[in-house]
Amino acid sequence: SYHFKSKETLLEEVYTRACEFSDAELKVAALAPSGIDRVLHLVRAHATAHANALSGRSTPLALISDIAALALPEQRMIGKRYKDHIQAFKRFLEEGREDRSIDIVSIDASAFFIFSVLHWMPRWLGNIPLAQHEEAIDELCDTLRYGIAASTEWRPASAIARPSDEPISDLFDRDMRNQMKRDAFLRTGTRYLNRKGFRSVSLNDIANELGVTRGAFYYYIEDKEALIEQCFDRTCDLIERSQSMAKQIARDALGELEGAIRHLFECHITELDPLVRLSLVNALPMPQKASVLARMKRLSASFAETLARAMVDGSARPLSLEAVEHLVVGSIFSASRRRLGFTSLDETWRPAEQPFTASADYFEVLFKGLAAKRPNESQK
């Protein structure tokens with residue numbers, strides 16, 4: 001309290017330091033010879049800073065994600081600096097297009113993808129042994145380099161149609177009606193948890209939005225702890241369902257991986273079927289937390305197994321599974337409507353209005369980077 005009068009003062013200080021770090025690295029990156037080198041310098045600088053913090057060699061670098069917790073003047077100041085960083089990064093992408101070191105469909109989509117990767121960086125590196133951090137960062141930069149510079153001959157995977165509404169006959173099935181009600185409660189509950197967090201969410205607010213009484217809501221979900229546990233169960237079910245549907249229509253293993261995570265992104269970014277924020281797992285009691293984490297680990301490993309099959313069938317180039325596995329998961333969970341609004345991109349990319357096209361643009365960098373087809377020598 002001697003140094004910081006309030007939590008808001010502390011938050012402003014760590015956000016200011018994060019902004020100063022980005023200011024300095026953007027200036028250094030601007031000196032690089034090409035647009036792609038400028039982009040990769042910034043990615044590597046952030047990755048190295050987080051790796052140094054995890055190994056105890058430096059203090060942690062804050063992730064700017066809760067500007068609303070600041071007082072209004074500080075919100076405006078930090079928000080403007082963060083927006084300026086995004087605009088500077090987008091200029092690097094545009095300069096790369098001009099010097100032909102970069103070939104991407106959407107500046108906004110690729111900027112949002114890479115900033116989502118930066119936001120996921122500490123969690124990604126936290127899942128990798130300290131001794132392998134340097135190798136993992138090299139693998140990340142290599143994937144992004146090929147993804148940003150890759151040939152535009154890459155074809156997006158086939159779309160996965162969102163399941164249609166239940167047949168009218170199901171409305172006369174009591175068990176099915178109850179399941180549909182519970183699913184609606186959990187879908188809305190996930191939206192509220194993602195926006196407000198565990199402490200601020202109110203079951204009454206959720207019941208009011210759904211137009212049901214408190215008693216009707218509590219019949220299905222008894223308290224906030226039960227709500228968040230069931231939201232995690234539903235999130236895991238959605239991932240399993242997407243994996244299963246993608247497997248049925250994919251042309252190869254890499255297409256299967258792409259189809260699954262693009263479908264999850266489309267449902268998540270439109271909030272038709274949102275995924276609960278992974279950080280909220282800390283609100284669960286230890287037994288339930290352990291159970292959720294074990295299931296999430298298994299689902300993440302299944303993405304890695306699909307990527308391994310892609311390397312075998314030749315649709316993906318040889319990569320470190322440990323490094324890429326968590327990048328794939330992070331690219332889904334870090335791309336929320338909340339983060340999209342906070343990032344303040346232009347209006348040329350509209351994922352809520354055109355989710356299928358938007359998902360292809362968002363994941364273009366990742367899947368061009370994973371694909372076996374390498375860029376032409378002139379694009380390296």
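Keep in mind that what you see is a predicted model, and the values were worked out from it rather than measured.
- His41 is linked by a side chain to side chain donor-acceptor pair (under 3.5 Å) to Glu25, counting only residues two or more places apart in sequence or in another chain.
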Would you check, one step at a time, whether the test side chain to side chain donor-acceptor pair (under 3.5 Å) holds for Glu135 with Ser320? CA-CA 9 Å; Glu135 179 185 352; Ser320 167; 4.9 Å; no
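- Looking at Phe89, Trp349, Phe265 one by one, the single match for ring-ring contact (aromatic ring centres under 6.0 Å, His included) with Phe112 turns out to be Trp349.
- With respect to the salt-bridge test (charged N to carboxylate O, under 4.0 angstrom), the residues Lys80 and Asp84 qualify.
- Cation-pi geometry between Arg277 and Phe333 is not met: the NZ or CZ atom fails to fall both under 6.0 Å from the ring centre and inside 45° of the normal.
- One N or O on the side chain of Asp99 and one on the backbone of Gly35 form a donor-acceptor pair closer than 3.5 Å.
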Before you tell me yes or no, could you show the steps for Ser315 and Asp313 under side chain to side chain donor-acceptor pair (under 3.5 Å), namely the whole-Å CA-CA distance, both residues' side-chain angles and the distance that decides it to 0.1 Å? CA-CA 6 Å; Ser315 55; Asp313 71 21; 2.6 Å; yes
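- For Phe115 and His85, the ring centers are positioned 6.0 Å apart or more.
- Taking the ring-ring contact (aromatic ring centres under 6.0 Å, His included) definition, one finds that Phe303 meets it with nothing, sequence neighbours left out.
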Evaluate the criterion side chain to side chain contact (heavy atoms under 4.5 Å, CB included) for residue pair Met311 and Leu321; output intermediate values, then yes/no. CA-CA 10 Å; Met311 295 180 199; Leu321 288 178; 3.6 Å; yes
Where do Ser334 and Val117 land on the side chain to side chain contact (heavy atoms under 4.5 Å, CB included) test, with the steps shown first? CA-CA 8 Å; Ser334 57; Val117 169; over 6 Å; no
Evaluate the side chain to side chain contact (heavy atoms under 4.5 Å, CB included) criterion for residues Thr143 and Arg317: first the C-alpha distance (whole Å), next the side-chain angles of each, then the deciding distance (0.1 Å), finally the verdict. CA-CA 10 Å; Thr143 300; Arg317 61 194 182 93; 4.1 Å; yes
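- Taking 4.0 Å as the cut-off between side-chain N and carboxylate O, Asp23 and Lys27 do not count as a salt-bridged pair.
- Asp103 and Arg97 are not joined by a salt bridge, as no carboxylate oxygen comes within less than 4.0 angstrom of a charged side-chain nitrogen.
- Ala246 and Gly259 make their closest contact through CB-C, 3.9 Å (heavy atoms, listed as atom of the first residue, atom of the second, distance).
- Looking only at side-chain heavy atoms (C-beta outward), Asp361 and Ser110 stay at 4.5 Å or farther from each other.
- Taking a cutoff of 4.0 Å between a charged side-chain nitrogen and a carboxylate oxygen, Glu305 and Arg298 do not qualify as a salt bridge.
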Side chain to side chain donor-acceptor pair (under 3.5 Å) between Glu209 and Tyr192, intermediate numbers included: CA-CA 10 Å; Glu209 178 165 322; Tyr192 268 79; 2.8 Å; yes
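- The shortest heavy-atom contact between Leu63 and His119 is CD1-O, 3.3 Å.
- In this structure, Ile67 and Gln75 approach most closely via the heavy-atom pair O-CG, 3.0 Å.
- Contact check on Asp37 versus Arg44 returns no salt bridge, with no Lys/Arg side-chain nitrogen under 4.0 Å from an Asp/Glu carboxylate oxygen.
- The side-chain heavy atoms of Asp108 and Lys90, taken from C-beta on, include a pair separated by under 4.5 Å.
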Side chain to side chain contact (heavy atoms under 4.5 Å, CB included) between Leu42 and Ile114, intermediate numbers included: CA-CA 10 Å; Leu42 194 68; Ile114 294 173; over 6 Å; no
Can Arg195 and Glu271 be said to form a salt bridge (Lys or Arg N to Asp or Glu O under 4.0 Å), step by step? CA-CA 11 Å; Arg195 294 171 193 167; Glu271 294 194 329; 2.9 Å; yes
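- Geometrically, Lys368 does not engage Tyr146 in a cation-pi contact, judged by NZ or CZ lying under 6.0 Å from the ring centre and within 45° of the ring axis.
- Between Asp138 and Arg145, no side-chain nitrogen of the basic residue sits less than 4.0 Å from a carboxylate oxygen of the acidic one, so the salt-bridge criterion is not met.
- By the rule that hydrophobic residues join a cluster once side-chain heavy atoms approach within less than 4.5 Å of another member, Leu61 and Leu11 end up as members of separate clusters.
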